[in-house]
Structures are given as structure tokens and as C-alpha cells.
Amino acid sequence: MSDSVELYPKAVLDHGRHPRNRRAIADCSHFARSDNPSCGDDVAVSLRIDRGNVIRDAAFDGRSCVLATASASLMTELLVGKTPAQAKMLFQRFHALAAGDTEKFKDGMDVESARMTVLSGVHAYPVRMRCATLAWKTMLAALENERSQQ
Amino acid sequence: MKAAAEEIERPSALKSIDGGGSVSVCHGPDRGGDHAGFYDVEAVRADFPILGETMHGYPLAYLDSAASAQKPFQVIEAEYAFYARDYANIHRGFYVLSQRATELYDQARRKVQAFLNARHEHEIVFTRGATDAINLVAASFGEAFLNEGDEVLLTGLEHHSNIVPWQLLREKKGIVLKAAPVNDAGEVPLDEFIRLLGPRTRLAAFAHVSNVLGTVLPIAEMIRAAHEAGAKVLIDAAQSVAHMKIDVQALDCDFLVFSGHKLYGPTGIGVLYGKEELLDAMPPYQGGGDMIASVSLERTTYAPLPAKFEAGTPPIAQAVGLGAAINYVTAVGLHRIGAHEAGLLAYATERLSAIKPLTIVGTAVQKASVLSFVMDGVHPHDIAQMLDSRGVAVRAGHHCAQPLMARLGLPATVRATFGLYNTTAEVDALTEALEEVEVMFLQ
Ligand SMILES: Cc1ncc(COP(=O)(O)O)c(C=O)c1O
């Protein structure tokens, strides 16, 4: 019997209530904003990628439900130190988790990305998939949207 | 097949009105309708098989009837009996079944006519739903009567289905759209509406009841004012038809639309009521079979009303089901349903007001069956999800009324709505689940 409480384990509630990296990055190199038209949520993701092509800082901002907020918060923590290619792989992994594809999620998983499992409850609620992946998709858009250097 | 028939034989609040036999057509004396005093909600609930379901181990508290209402077994059984015994295509056959199906389809139309107190049977056009009916009017009335610069007056609380068809028409014809403003309580002040009626206003189209806030609009006065300004009026009765008696002749509206599925009837069927002289003057909406008098490759003459607007094979069984739904609410009594729901709304308003971080959205003086709210610091989606885990089904989101949400400055609300089968115990379940939400997300 599924129960919504599974959707909100302590770690998710904690990220939802005290989101990490909920801010703007003044000197960000990459930025995107997107919304979830079904609920009016919107999220902005900013990244600072250095010359060596490594994400040095990641942050998000906007208005969203606990799931979307927790997912964004966790994402920003996981992104730091990754290359854009690794960030995209991280998204693939998260997407597999949210879609309930445990095998794909676990394939070659490291300790860091195992932290994502707190959001595994999402797969039982297909309508919440969009909430959980909103920040991630915005991050992908940000990777393609380099800000012109002033 | 037999098993399925027995499966839906359940105790019925309405058994007495059809003598306990077939319930596809209700004959016989009224069970009490609007005259009886005591409202036996448990007897009503026994007619709705789905209300016996449990969700996540909790009894289902279905508080989303404004999105779509559940079906009594009288409706389910009417469709079953129709398919099992009377089904064929209509208006075609020389054989008994087709004649029977045609008669039942026409009978459903007469039930709608009586339900709305329309003058003529052919003023009732079956559509796929309220949305389809509004699109029909926008396309056909728009084609016949609206030209560049003509104005259509809406209100700020309309459902997207009463906004987008007019915007599509604006792109085609260059009409001008206006919207009467909504005040902070969620009402459409009559004087503001009147102020926006002008010499170019050809049509005013607005909801009877707001699907987001439950506001009951003063439609009688609005219709009168629009007529004085020389405009025709379309009433979107999607959210009112299951809660209050509607008399299209007394209202004198020119068009009125609703959906069967919000009236405890099937999906895929809706109604357009239109005054005869207007429907007569309007061109067909769609072309096809059934809507013609004769066709040659050079020239086609159209069938008389209502067939002119019912191209193709219509939703026949759904019309029969809608007829059964109308029988059902009529037998329970719309005034009694309205009074029961008003009691629930008042009780729910009182209980939810006691939850500190919760704010009720929409405080119109005239309000029906809808309770929208937000909770400080908790997103509506998270609230609805938690309520589901306690068996409480509500809707969360913008409710297909984004302009209204923008006016209210809210991206989304949680919405609980009440129907003829809801109980104070379900309001208690809602309240207790919300108290849990408060503890879980805020403490
Ligand atoms: C006020 C109002 N108008 C129109 C509609 C559209 O009804 P349907 O989707 O059945 O066509 C709805 C349904 O939510 C509604 O609430």
C-alpha cells in the first residue's frame, strides 16, 4: 500500500524547509529559468563553471513545492565539482530513479549520488515527476545557456 | 455479463420511485423531491458504488466533484441496460433496435428540456461537454453575428474553456475581448460589469458559479443589463447545474451550457441550450452525417434543429446516462441538495478557519459548494498529496483559471468541493488531515 508519507522522508522535508544554495550567483556563467505550467511553480538555476570546465558553484531560486525544492537543493549540492558531462549523467541517473528504473539508477552509482534515493518515492506518483525533475531540466537548459562575459 | 448486472444491484435511495425494478427510466411518484425535510445522505451514498472504496487504507472522502462527480448506480445501470438491450445507431434503422435507441435518445433530450425548462425540445443540442458547447457558440454565433471591432464581455473568473474559444475567434475575426473585474472577495461587482457593456457589446459570456472560488454570480441581473445594452448572453452553468435549479425561460439567457459528468452523469456528453431564433440563424458548426436534409455534390441543405448542430453519430448511451442522472438529482431534489451542500460549506469553513496557517480564498457573500484555500509555507501540491494519503481527494493547482489566479496573486490553491453525497464526517477527515499537514511541514 503506497502512502504519501514515503514521498516525504525526513531528509526531503529537511531540504524542503531549509534548502541549500537557494540564492542567486552574481557572477554565474550559466543560467536558465523554467516553470511547471500545471502548478505555476518556477525555478531558476545558476551555475558558475570555471575555465577548466568544472562546476564550481550551483544555486537555485524560485517558488516551488517541497518536492521540487528538495530536489533542487540536493541537486545543487551534487553538482559542485562535476563537469557538464558528468552533470548530464547525474540527471540521467536521477531521471531513472524518479521513473522507478532502479537498475539503471544503480548502475555504476557512487556514494554521493546515492543520496538521491531519498526522492525515490516519486516514482509511485507520476504527476509529481514534473515537480521532482523541474530543477534538473532547468539545469540542463542552463548548461546550454552560457552568459556572455562582460 | 450477468455477473456485471448483479454487481451493480445495490440498495438504492431511490428504489421507491421506480418500484425496485429497472432504474434506467424513473417513473412513478416522486420520492419526496424538494418537499421532504430530512436529507438522508447515507441513503444517497448507498447509490454510489465508488464511495465504498478505501484509499491507502482510509475510507475515500471524495471532495473533487467540481472536477467531475461520481456516478450513482442508476446512471451506470442505465448505460448498461441501454447497451445490453436497446443499443443501435439512431435515426437510421428500419429495425426495432434503432427505433428504440432513437426514442431513448430523444427522451433524454426531453429530460434536459424539462430540467432547464426550455420552451422547445429542439433548443437542446447535445455536445461533447461544456467546452464543446462554448466552442460551438464561438464558432457559429461568431460566424453569423460577430464582426471586427465587436465586443465580447467575459469576467475575470472564467474557466479557460470560456476564454480561449473567444481568443481564437478574436484571431479570426478581430473581435475585442473585455473582462469584468473580480474584487478581493472573489465577486464580480454588478456595476463594474454594467460599466463595461457598451454599444459594441454583442455577447456577454460568463460563469454562473466560479469553479475556483464558488462565487455565485448575480446572473439574472447581469442578463437583464446585457439585454438592455443589446447584447446576447451565454451562461456557463458547468458548476451550477448540479447545485441549483436553473430555469432558462425565467433567466431569459440566450445560451446556456453544461457538462454531463459534473451532474453525476457520463463523460463525453454535454448540453447547449440556445434560443430557437438564434440557433436557427446560426450556421452549422461541423459538417457530416445526421446534420443534413439533403446532399448533392453541388449543394447541401441542412437539417432542422437540433440535428443541424449534431453532425455524426452522437454520444447516444451517454445521453441516456445523462437522462438518468437528471432523474436522479431531480428525485433527490435540487433545493434539498443545495441546502445540504450549503450546510457542509458552512461547517467546512468553520473547521478550516480554525487552522492557523490556513487562509480561505474566496469570501463571496453568495457562494456554493467550493472551498479553496492556501496554507502559509506549504505548497498546494504537497497538501493535496498528503490529503490523498489519508483518503481525502481534493484538487490542487490553478483549476484552469489562470487569469483569476493572477488576479488573486496565487499560483495555485487547494480546492475541496462538495456534492450531494458528502458528509460532515468527510469534512472532519479533511480537517484532521490538514492538521497533520501542519505538523509535518511546519512544526
Ligand atoms: C466553470 C467551468 N466551465 C467549463 C468547464 C469545462 O467543462 P468540460 O471540461 O466538461 O468541458 C468547467 C470544468 O472544469 C468549469 O468548471
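Only this structure's heavy atoms are used, side chains among them; waters, hydrogens and symmetry mates stay out.
For chain B, the nearby part of A:Asp41 is the side chain; its heavy atoms alone come within less than 4.5 Å. Residue A:Ser64 touches chain B through its backbone alone, counting heavy-atom pairs closer than 4.5 Å.
Heavy-atom contacts from other residues, nucleotides or ligands closer than 6.0 Å to CE of A:Met109 number more than 12. Within a 6.0 Å radius of CZ in B:Arg128, other residues, nucleotides and ligands contribute 12 heavy atoms or fewer.
Proximity of A:Val66 to B:Met386: side-chain heavy atoms (C-beta onward) are nowhere separated by under 4.5 Å. Considering only heavy atoms from C-beta on, B:Gln385 comes within 4.5 Å of A:Leu7 through its side chain.
In this structure, B:Gln443 and A:Arg17 approach most closely via the heavy-atom pair O-NH1, 2.9 Å.
Applying the side-chain contact (heavy atoms from CB on, under 4.5 Å) test to A:Ser73 and every residue at least two apart in sequence or in another chain returns A:His15, A:Pro19, A:Arg20, A:Phe60.
In this structure, the separation between OG1 on A:Thr69 and CG on B:Asp382 is 8.0 Å, given to the nearest 0.5 Å.
Checking side-chain atoms of A:Arg63 against main-chain N and O of B:Pro411 turns up no donor-acceptor pair under 3.5 Å.
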- Before giving the answer on side chain to side chain contact (heavy atoms under 4.5 Å, CB included), spell out for B:Met440 and A:Leu13 the whole-Å C-alpha distance, their side-chain angles and the decisive distance to 0.1 Å. CA-CA 8 Å; B:Met440 180 162 164; A:Leu13 287 173; 3.9 Å; yes
- Task: I would like to know whether A:Tyr125 and B:Asp388 meet side-chain hydrogen bond (donor to acceptor under 3.5 Å, both in side chains); could you show each step before the answer?
- Result: CA-CA 11 Å; A:Tyr125 302 90; B:Asp388 171 65; 5.0 Å; no
